[in-house]
Amino acid sequence: MRIKKWLKELVLFSVIALMVIGAIDWWRAPTMPEDMDFSQQMTLSGQPIDLQQLSQDRPVVIYFWATWCGVCKLTTPMVRGLANDNVQVVTVALRSGADSQLAPALEKTGFTLPTINDEDGIISDNWGIGVTPTFAIIYKGNMVHSTTGWTSAWGIKFRLWLTEKFS
């Protein structure tokens, strides 16, 4: 009897937790600008990013992060792992200094993902990013999922699976 009661409470707690997390994600969700033109954005390595084109066949994870963000230090290795698992990832460094400061810091840590430097916060302001890290999944040029704060690789992979199956 005890196990049955414990399992019932665990299921109830899980449902409530998922509802709360979903509500927080909805409340803090970024808003993709209608006139978004990432083709004008350049990575630190000088390559242009065209999210419309990049997201036509497969979803793209945009990882908004910052060098000063404590949670980002925990999520960045997970993002690297996603990229190693053949997930398309583009990162946007928010208010993390000039290119001359950011590039050497990324090289020192071995961070090789395509990174756009949002030095002045213009991109994050246009998207309404209020929390770092923020993850947005773009598919066929549209944002289909997002989450903020700490998340896991399986959480992002689940959202990618939903995107590929139902979008």
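Scanning both residues, T132 and C69, for their nearest heavy atoms gives OG1-SG, 3.4 Å. Smallest separation of non-hydrogen atoms from S55 and G141: OG-N, 2.8 Å. The minimum heavy-atom distance linking M143 with A136 is given by the pair SD-CB, 3.8 Å. Of all heavy-atom pairs spanning D99 and P104, the tightest one is O-CD, 3.9 Å.
One distance of note links CG of L44 with CD of E107; it measures 9.0 Å at 0.5 Å rounding. Remark: K5 NZ to L7 CG distance equals 12.5 Å, nearest 0.5 Å. From T67, atom OG1 reaches atom CG of L106 across 8.5 Å, with rounding to the nearest 0.5 Å. Rounding to the nearest 0.5 Å places CG of L94 at 8.0 Å from SG of C72. Note that CG of L54 is 9.5 Å distant from CD of Q56, once rounded to the nearest 0.5 Å.
With a 4.5 Å cut-off on side-chain heavy atoms, M78 and S152 do not count as touching. K8 is not listed as a side-chain neighbour of K4, based on a closest heavy-atom distance of 4.5 Å or more. Side-chain contact between S146 and I137 is absent, with no heavy atoms from C-beta onward closer than 4.5 Å. When side chains are defined from C-beta on, W68 counts as touching R95, because their heavy atoms get closer than 4.5 Å. Using a 4.5 Å cut-off on side-chain heavy atoms (C-beta onward), S45 and P114 make no contact.
Residues V131 and V71 are members of separate hydrophobic clusters, defined by side-chain heavy-atom contacts under 4.5 angstrom among Ile, Leu, Val, Met, Phe, Trp and Tyr. Cluster membership check: V79 does not share its hydrophobic cluster with I116, using side-chain heavy-atom separations under 4.5 Å among Ile, Leu, Val, Met, Phe, Trp and Tyr. Clustering ILVMFWY residues whenever any of their side-chain heavy atoms sit less than 4.5 angstrom apart, transitively, puts V60 in a cluster other than the one holding V87. Linking Ile, Leu, Val, Met, Phe, Trp and Tyr whenever their side-chain heavy atoms come within less than 4.5 Å puts F135 and V144 in one cluster. In terms of hydrophobic clustering, with Ile, Leu, Val, Met, Phe, Trp and Tyr side chains grouped at heavy-atom distances under 4.5 Å, L113 and I156 are assigned to a common cluster.
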side-chain contact (heavy atoms from CB on, under 4.5 Å), that's the test. Do R80 and T112 meet it? Break it down for me.
CA-CA 9 Å; R80 282 188 202 144; T112 59; over 6 Å; no

Give the C-alpha distance, both sets of side-chain angles, the deciding distance and a yes or no for side-chain contact (heavy atoms from CB on, under 4.5 Å) between H145 and L162.
CA-CA 9 Å; H145 293 283; L162 287 174; 3.9 Å; yes

W161 and F166: CA distance, side-chain angles, deciding distance, side-chain contact (heavy atoms from CB on, under 4.5 Å) verdict:
CA-CA 8 Å; W161 178 82; F166 300 107; 4.1 Å; yes

Could you go through W127 and I62, starting from their C-alpha distance and side-chain angles, then the distance that decides it, and tell me whether this counts as side-chain contact (heavy atoms from CB on, under 4.5 Å)?
CA-CA 12 Å; W127 280 71; I62 303 178; 4.0 Å; yes

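In this structure, a donor-acceptor pair under 3.5 Å is present between the side chains of T115 and T91. A side-chain N or O of T75 and one of Y63 form a donor-acceptor pair less than 3.5 Å apart.
Few gaps surround CG on L10; more than 12 heavy atoms of other groups in view lie less than 6.0 Å from it. Counted within 6.0 Å of CG on N84, heavy atoms from surrounding residues, nucleotides or ligands total more than 12; the atom is thus considered enclosed. For Q53, the CD atom sits in a loose shell: 12 or fewer heavy atoms of surrounding residues, nucleotides or ligands are nearer than 6.0 Å.
When atom types are taken as modelled, the side chain of N117 and the backbone of V92 share no donor-acceptor pair closer than 3.5 angstrom. Judged purely by atom type and a 3.5 angstrom limit, S124 uses its side chain to pair as donor or acceptor with the backbone of G121. The main-chain N or O of I122 is never found under 3.5 Å from a side-chain atom of D120 such that the two would form a donor-acceptor pair. For the pair T76 (side chain) and K73 (backbone), a donor-acceptor distance under 3.5 Å is absent. Distance alone, capped at 3.5 Å, places no donor-acceptor pair between the T148 side chain and the T134 backbone. T151 contributes no side-chain N or O that, together with a main-chain N or O of G155, makes up a donor-acceptor pair within less than 3.5 Å. Looking only at distances, a side-chain donor or acceptor of D118 sits under 3.5 Å from a matching main-chain atom of I123. Between the side chain of E164 and the backbone N or O of R58 there is no donor-acceptor pair closer than 3.5 Å.
Residues satisfying the salt bridge (Lys or Arg N to Asp or Glu O under 4.0 Å) criterion with D85, sequence neighbours excluded, are K157. Listed by chain and number, the residues in a salt bridge (Lys or Arg N to Asp or Glu O under 4.0 Å) with R159 are D25 (sequence neighbours excluded).
Proximity of the aromatic rings of W65 and F111 is defined here by a centroid distance below 6.0 angstrom, and this criterion is met.
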